[in-house]
Amino acid sequence: MMRGIPVFFSLSLAVSLWWGCSLSFGTMLVPSPFEVAQELARMATQPETWLTLAITVARGAAGLLAAMACALILGIAAGSSATAMRLLTPLVAALQSCPPILWITLLMVWAGTGSIVPMAVVFATVFPPLFANIAQGCLALDRRLFDMARLYRIPRRKILHKITLPGLTPYLLAGLSYAAAASWKVTAVAEFLGSSSGIGAQIFWSYRMLEIPRLFAWAGIVIGLGVTLELTVIAPLRASSEAFTGKIREEA
């Protein structure tokens, strides 16, 4: 019960400010919460609304999973080898320095509009921080454990499952908490500029057609998706990361 109070307070404050803006500037510019709620209710009965939501979530998840897989492979390699770290660091730094708008523009030229643009932009955005977290975590592992494993000729696969991955867990969870928060927002932006489907594309066409209540309704869906992601995925990931870190410190 107590956990729901901050959410209720924030929602009440936001709706009150929204209603005040609607009364001040007029419903032509700022539709009232009641109008937007009516539009949301109408959209909820349309199958294409749920399809659009599923497309955006699938694109963001695909880009995030691909980035995580590559970050695990290359991050472990970089954290285990100084040579690999020196070779990969300039590439990761270049990826991190490029803004999403640059990737969107280039991918629209190379691949046109579609799912490739948002998925690739999500990958390019979240891969660098995931790689950095995993490589840093690999560097922080106790090398004596690996020396002992080699001494007793333990297979590399078992070393990976019993030593490397458990030790990387808090770093991976910390990186995922950021990546999950960023991936859906980057997906919506990429769809707005470089796709003909998804939530971002719907926001673009609502803006072009001046369908303001529909624009606000899609904005509400984006915000609701973000809040749901924060409460159900990101917050548990952060809590798990802190729990793992605390456990490691206690054992140390």
Side-chain angles (χ1 to χ4, degrees), residues 4 7-8 10-12 14-15 18-19 21-22 27-69 100-101 103-105 107-108 110-126 176-177 179-237:
V7 176
F8 177 77
S10 298
L11 181 62
S12 300
V15 171
W18 178 4
W19 212 304
C21 290
S22 180
T27 56
M28 290 292 293
L29 292 177
V30 185
S32 69
F34 179 72
E35 289 179 281
V36 176
Q38 283 184 315
E39 182 67 21
L40 279 171
R42 188 181 67 81
M43 290 168 59
T45 63
Q46 299 174 342
E48 55 265 28
T49 300
W50 299 100
L51 178 61
T52 297
L53 180 61
I55 288 172
T56 296
V57 172
R59 286 169 173 170
L64 176 60
L65 290 174
M68 185 172 64
I101 188 65
W103 292 114
I104 294 170
T105 305
L107 287 166
M108 285 176 64
W110 296 335
T113 58
S115 295
I116 293 177
V117 175
M119 289 190 297
V121 173
V122 169
F123 177 92
T125 302
V126 303
L176 272 176
S177 67
S183 60
W184 72 271
K185 291 181 284 190
V186 173
T187 303
V189 172
E191 288 174 341
F192 183 90
L193 297 171
S195 181
S196 58
S197 59
I199 292 177
Q202 292 295 330
I203 292 174
F204 173 80
W205 285 112
S206 297
Y207 152 73
R208 288 294 302 269
M209 303 302 293
L210 293 179
E211 297 175 341
I212 307 303
R214 190 174 182 85
L215 175 61
F216 271 68
W218 280 115
I221 291 174
V222 170
I223 295 171
L225 179 62
V227 172
T228 302
L229 189 65
E230 171 68 31
L231 296 178
T232 61
V233 178
I234 298 170
L237 282 174

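Sequence positions, counted from 1, serve as the residue numbers for this chain. Small disclaimer: the values here were computed from a predicted structure and weren't measured.
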Check: What are the two closest non-hydrogen atoms of Ala44 and Trp50, and how far apart are they?
Finding: O-NE1, 2.9 Å
Notebook entry, point to check: At their closest point, which heavy atom of Ala120 faces which heavy atom of Leu107, and how far apart are they?
Noted result: CB-CD1, 3.4 Å
Notebook entry, point to check: Do any N or O atoms from the side chain of Trp18 and from the backbone of Pro31 form a donor-acceptor pair under 3.5 angstrom?
Noted result: yes
Kindly list each side-chain donor-acceptor pair under 3.5 angstrom involving residues 199-224, sequence neighbours excluded, with atom names and distances?
| unit_1 | atom_1 | unit_2 | atom_2 | d |
| --- | --- | --- | --- | --- |
| Ser206 | OG | Gln202 | O | 2.8 |
| Arg214 | NH1 | Glu39 | OE2 | 3.3 |

Checklist line | Spatial distance of atom CG (Leu193) from atom OG1 (Thr105) [nearest 0.5 Å] | finding: 7.5 Å
Check: For Pro118 and Ala190, which heavy atoms make the closest approach, and how far apart are they?
Finding: CA-CB, 3.5 Å
Notebook entry, point to check: So how far is it from Leu53 CG to Met43 CE, rounded to the nearest 0.5 Å?
Noted result: 9.5 Å
Notebook entry, point to check: What are the two closest non-hydrogen atoms of Ile55 and Ser197, and how far apart are they?
Noted result: CG2-OG, 4.2 Å
Checklist line | Flag, side chain of Ser32 to backbone of Glu35, donor-acceptor distance under 3.5 Å | finding: yes
Next item on the list: Sequence neighbours left out, what passes side-chain contact (heavy atoms from CB on, under 4.5 Å) with Pro100? Give chain and number order.
Entry: Val121, Thr125
Notebook entry, point to check: More than 12 heavy atoms of other residues, nucleotides or ligands under 6.0 Å from CD1 of Ile116: is that the case?
Noted result: no
Notebook entry, point to check: Which atom names give the shortest non-hydrogen contact between Ser183 and Leu64, and what distance separates them?
Noted result: OG-CD2, 4.3 Å
Check: Who passes side-chain contact (heavy atoms from CB on, under 4.5 Å) against Ser115, sequence neighbours left out?
Finding: Arg59, Met119
